[in-house]
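Quick note: numbers below take in every heavy atom, side chains included, and nothing from hydrogens, waters or symmetry partners. A note on names: the letters A, B, ... follow the listed sequences, proteins ahead of strands, and every chain is numbered from 1.
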Amino acid sequence: MMGIAASLASCSFDNYDEPSIQLDGRIVYQGEPIGVSYNDVYIELWESGWQRLGNIGVAVDQDGSYSSLLFKGDYKMIIPNNQGPFQKIINDQSGNDTIPINLTGSQTIDIEVMPYYMIRNVSINGGNDQVSASFDLDQIITEDGARAIQEVSLYVSKTAFVDNRTSIATANRGGADLESMSGISLEVNVPERVPAQDYAYARVGVRIEGVEDMIFSEIVKVNL
Amino acid sequence: MKNLRNIYLVIFLAFAGCDNDQFLDREPTDILQEDQVWENEDLVFSVLADLYNRLPDYQGLENWWEYANFDEAFGSNAGDYWRHQNQEYGYGNWGMWDYTYIRDLNLFIQKCEAATEISDEAKARFLAEAKFIRAMVYFEHVKRMGGVPLILEPLEYDNSGDPSYLQFPRAKEHEIYDFVIAEMEAVKNDLPNGGTKSRATKGAALALVSRAALYAGSIANYGQLTPEVSLPGGEVGIPASMADGYYTTALNASEEVMGLGTYELYDQDPDKSENYTNIFLNKSSNNEVILAKDFLVQGRTHGFTIETIPRSLREENTSGGKMNPSLNLVQSYELLDNTFAELPTRDENGNPIYYDDPMDIFEGRDPRLFGTVIVPGATFRGKEVDIWAGYKLADGSVITSGQLGGQAQLPGSNATVQVVGFDGPIDQLEWSAQNGFYLRKYVDTSVGSGQRGTGSSVWLVRFRYAEILLNAAEAAFELGDLEKAAEYMNQVRRRAGFPIDLTPGEIDFDRIVHERKVELAFENHILWDKKRWRLAHRIWNGVTADLTNNPGNALAVSTRVFGLKPFKYYEPGSPNNGKWMFEEFVPAPVFNAHRFRLGNYYSQIDDGIRNNNPKIVRNPNQ
């Protein structure tokens with residue numbers, strides 16, 4: 001008994017306090033957050049001055065937000081190459097895409113990026129075991145580095161994680177089949193849910209040619 | 001005070017004890033010293049044997065579970081269900097960074113070059129063999145990691161506190177392939193032509209050239225589909241302009257193997273399925289195998305048969321039936337008229353098709369299917385395996401049991417009868433044909449090989465002649481020579497048992513992909529093939545897709561392993577009573593789709609490695 005008590009009690013003396021400073025923010029274009037798929041887009045935080053370098057990987061959530069609890073210090077934030085459906089913007093301070101962060105207290109930092117496209121005017125509705133969506137696409141990168149749309153998709157999932165991994169019903173349309181960038185509509189029949197569920201979560205995504213990560217609209221809950 | 005005296009004594013002894021150097025300077029009696037080894041060819045050979053033994057195989061007989069990572073097989077072992085449940089492949093998967101091994105090889109080569117006490121003939125062969133192993137190891141690295149530092153000398157640290165002179169950057173990806181090819185061309189004539197299958201030969205060196213050049217050619221060619229899988233320094237990615245050169249090298253090396261006259265397709269058994277299975281089991285008169293990792297009863301054996309033998313035939317009560325080939329693979333075997341078809345489980349109206357015999361559903365398929373997979377109703381070791389999922393009643397309900405060979409009552413009867421096979425399939429029951437199939441390829445037919453005390457001595461084939469023919473066919477196809485491509489591929493297909501040749505016009509990319517898939521299934525090709533064709537992220541794309549209706553399509557998404565449940569139909573009085581019907585299903589433990597991301601094409605290099613050597617650049621998309 002004594003041993004157990006000692007082993008449980010003795011840990012406060014020689015340990016550091018847990019990190020308590022919160023760094024959070026969103027990945028944005030002109031203040032508008034950029035939706036991505038979960039666990040697919042990472043930010044890396046590097047802290048120099050230690051003997052060995054290693055990064056703190058911070059996953060970007062589906063709504064484009066991120067957060068991490070950290071110790072005080074000077075960090076360098078980077079988005080690794082080819083992460084996310086966007087291009088990075090040169091940081092004024094560092095002269096490249098590294099974002100220096102001096103963390104002394106909790107801080108909110110939105111990261112501005114240049115997405116290939118933005119999804120605008122999204123409306124997603126459900127009913128009668130059907131989900132329909134309409135939206136416009138706004139091409140942001142138009143000259144150097146412009147990329148075509150490979151596919152637009154409507155995903156419907158049982159949970160609030162919505163992308164092609166979790167979708168129970170998907171409607172796709174190839175980029176070449178889009179007549180116009182506005183008023184794009186997609187519709188899908190949702191199969192029976194087991195166990196029964198009279199609602200679902202849905203959003204639309206755009207796959208850009210030569211870019212692994214898709215850009216997504218906001219997740220909405222729809223009734224079926 | 002007493003302690004102090006002891007301390008003085010120790011200090012005194014420490015200074016005094018060293019007077020007589022001879023006293024401490026003794027020859028060790030339990031290890032051999034370097035110069036002793038290099039005086040004796042047998043001892044050198046035993047050092048070399050260790051180097052051979054360390055050659056890695058990503059999928060092999062000693063690590064069956066890696067076969068369950070993709071869409072070839074279901075791992076019917078609770079400890080391996082996670083392979084079918086992961087959301088994605090880790091970036092570090094199938095990585096390798098083994099410079100200890102490379103250093104040992106470099107040391108061997110350096111010492112061998114300096115050795116004076118062994119004959120020139122033996123020396124030349126030892127050197128060529130070590131260089132072959134080193135080329136194999138660099139090939140293993142480049143196909144997993146992309147370009148790695150090309151170190152060809154043993155490096156020594158000078159204890160100066162500054163190790164930066166030991167830090168080398170990564171070579172370009174094509175430079176490693178070029179090294180492998182050039183090195184093998186340089187040493188091939190120092191190696192014997194045949195005579196051994198477990199040591200390097202001229203054929204093995206050329207087979208390595210054939211494979212490596214084909215890989216490099218396809219990365220140059222198909223790498224254009226994924227421009228983001230590359231690094232600006234060329235550590236990953238090969239320029240498209242180099243493709244034809246590599247394909248030509250691959251074709252020439254393959255044809256040189258054919259010209260050696262040492263190797264031929266194994267064709268000794270009129271039963272084509274038996275014949276195919278014996279390529280891997282017959283070690284005594286087999287001119288197909290070029291290089292193998294050999295095993296020996298009472299010497300060194302492996303437990304592959306213990307792990308994979310059909311449950312009802314197992315010789316140990318602890319294991320068996322762990323590898324279930326997937327329906328995805330099974331339905332990929334063509335019909336004998338060279339066409340593709342799903343397994344006919346339902347007619348055009350959606351009604352089940354009834355069969356008199358469980359084997360009938362597989363009728364008219366490529367005989368290699370039965371040489372690779374034990375299907376329901378097939379025999380193994382002279383006994384029929386008992387794979388059936390239960391009785392199906394007219395109303396669609398199923399009578400089965402949770403125990404292998406379990407019994408229950410059928411409606412309208414008081415007697416209990418067996419309602420499920422002694423081999424499964426039963427949902428969630430490991431170590432049996434949970435998805436309806438067992439593996440046959442590499443599973444030993446000799447009695448005792450399924451026991452722990454004896455084990456199996458079946459060898460692991462690393463290079464065989466059929467692969468060389470398929471390499472040649474693919475290289476010729478990519479170079480536009482369809483006549484040649486058809487001829488080489490038809491050689492393999494004729495041996496397999498196809499009565500009708502493919503015409504040159506029928507050879508296309510899908511055919512090339514398909515032929516390798518079925519001929520080389522479970523031979524550690526699937527991952528590397530799908531990677532070099534840049535197909536991996538398209539066919540394992542993370543989408544929960546149904547089984548394809550078109551098994552001949554190279555781009556068909558195949559992210560989950562499927563199974564097949566055979567049922568006996570029960571409706572007394574019906575003409576179909578007692579007949580067999582089949583249902584496709586997803587085994588219960590399979591609940592996530594395989595997702596291969598662009599960052600999986602080249603494995604992650606540890607931060608630890610990059611900390612030790614800041615010149616190492618990261619792989620892309622991770």
Side-chain angles (χ1 to χ4, degrees), chain A residues 36-57 59 62 78-87 116 145 147-148 150-151 153-159 161-172 191 194 205 207-214, chain B residues 85-92 223-233 235-237 534 536-546 557 559-560 586 588 591-602 604-622:
Chain A
V36 295
S37 43
Y38 66 93
N39 285 352
D40 274 345
V41 181
Y42 278 84
I43 296 170
E44 288 179 355
L45 290 169
W46 296 81
E47 189 181 14
S48 52
W50 300 95
Q51 194 175 13
R52 297 192 151 251
L53 279 173
N55 69 76
I56 301 167
Q62 295 187 99
I78 60 159
I79 304 175
N81 288 336
N82 296 331
Q83 289 273 337
F86 45 73
Q87 287 185 355
Y116 292 97
R147 285 172 187 262
Q150 189 177 330
E151 199 174 51
S153 309
L154 167 63
Y155 297 112
V156 182
S157 297
K158 288 204 279 189
T159 66
F161 293 95
V162 189
D163 60 41
N164 64 3
R165 281 169 283 179
T166 53
S167 126
I168 54 168
T170 309
N172 296 315
V194 184
R207 189 177 292 283
I208 301 146
E209 239 152 54
V211 178
E212 186 172 28
D213 296 312
M214 299 174 69
Chain B
Q85 301 170 346
N86 270 359
Q87 294 240 351
E88 63 245 326
Y89 296 113
Y91 287 137
Q224 298 168 70
L225 296 174
T226 53
E228 57 277 48
V229 183
S230 64
L231 287 173
E235 294 88 353
V236 163
R534 298 296 189 253
H537 74 287
R538 300 168 83 183
I539 60 165
W540 301 321
N541 64 359
V543 175
T544 306
D546 287 335
V557 173
T559 49
R560 297 182 296 165
V586 181
F591 55 69
N592 267 327
H594 289 313
R595 191 163 71 117
F596 189 101
R597 296 168 290 172
L598 291 179
N600 290 116
Y601 273 108
Y602 293 90
Q604 190 165 36
I605 298 172
D606 271 2
D607 278 345
I609 293 161
R610 302 198 316 115
N611 267 318
N612 290 339
N613 181 357
K615 289 182 182 157
I616 302 288
V617 294
R618 292 169 71 168
N619 274 333
N621 306 303
Q622 294 170 350

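Contact of B/Q622 with chain A is made through the backbone alone, with heavy-atom distances under 4.5 Å. Neither the backbone nor the side chain of B/N592 comes within less than 4.5 Å of any heavy atom of chain A. For a residue to count as touching a neighbouring chain, one of its non-hydrogen atoms must lie under 4.5 Å from one of that chain's; by this rule A/Y38 touches chain B with the side chain only. Using a 4.5 Å cut-off between heavy atoms, A/N55 touches chain B through backbone and side chain atoms alike.
When every heavy atom of A/N164 is checked against every heavy atom of B/N541, the shortest pair comes out as ND2-O, 4.1 Å. Taking all atoms of both residues into account, the shortest heavy-atom contact from B/E228 to A/N82 is O-ND2, 3.4 Å. The shortest non-hydrogen separation linking A/D40 to B/E88 is OD1-OE1, 4.3 Å.
Applying the side-chain hydrogen bond (donor to acceptor under 3.5 Å, both in side chains) test to A/S157 and every residue at least two apart in sequence or in another chain returns A/T166. B/Y91 pairs by the ring pair (Phe, Tyr, Trp, His ring centres under 6.0 Å) definition with nothing, not counting sequence neighbours.
Look at A/D213 and B/R597 and you find no salt bridge, because none of the NZ, NE, NH1 or NH2 atoms lies under 4.0 Å from a carboxylate O.
Within the model, atoms CZ of A/R165 and CZ of B/R595 stand 4.0 Å from one another, a figure rounded to the nearest 0.5 Å.
Annotation: maximal heavy-atom pairing with chain A below 4.5 Å, among B/L225, B/T544, B/T559, B/N612, occurs at B/N612. Comparing B/N611, B/T226, B/D607 by how many heavy-atom pairs each has under 4.5 Å with chain A, the most go to B/N611.
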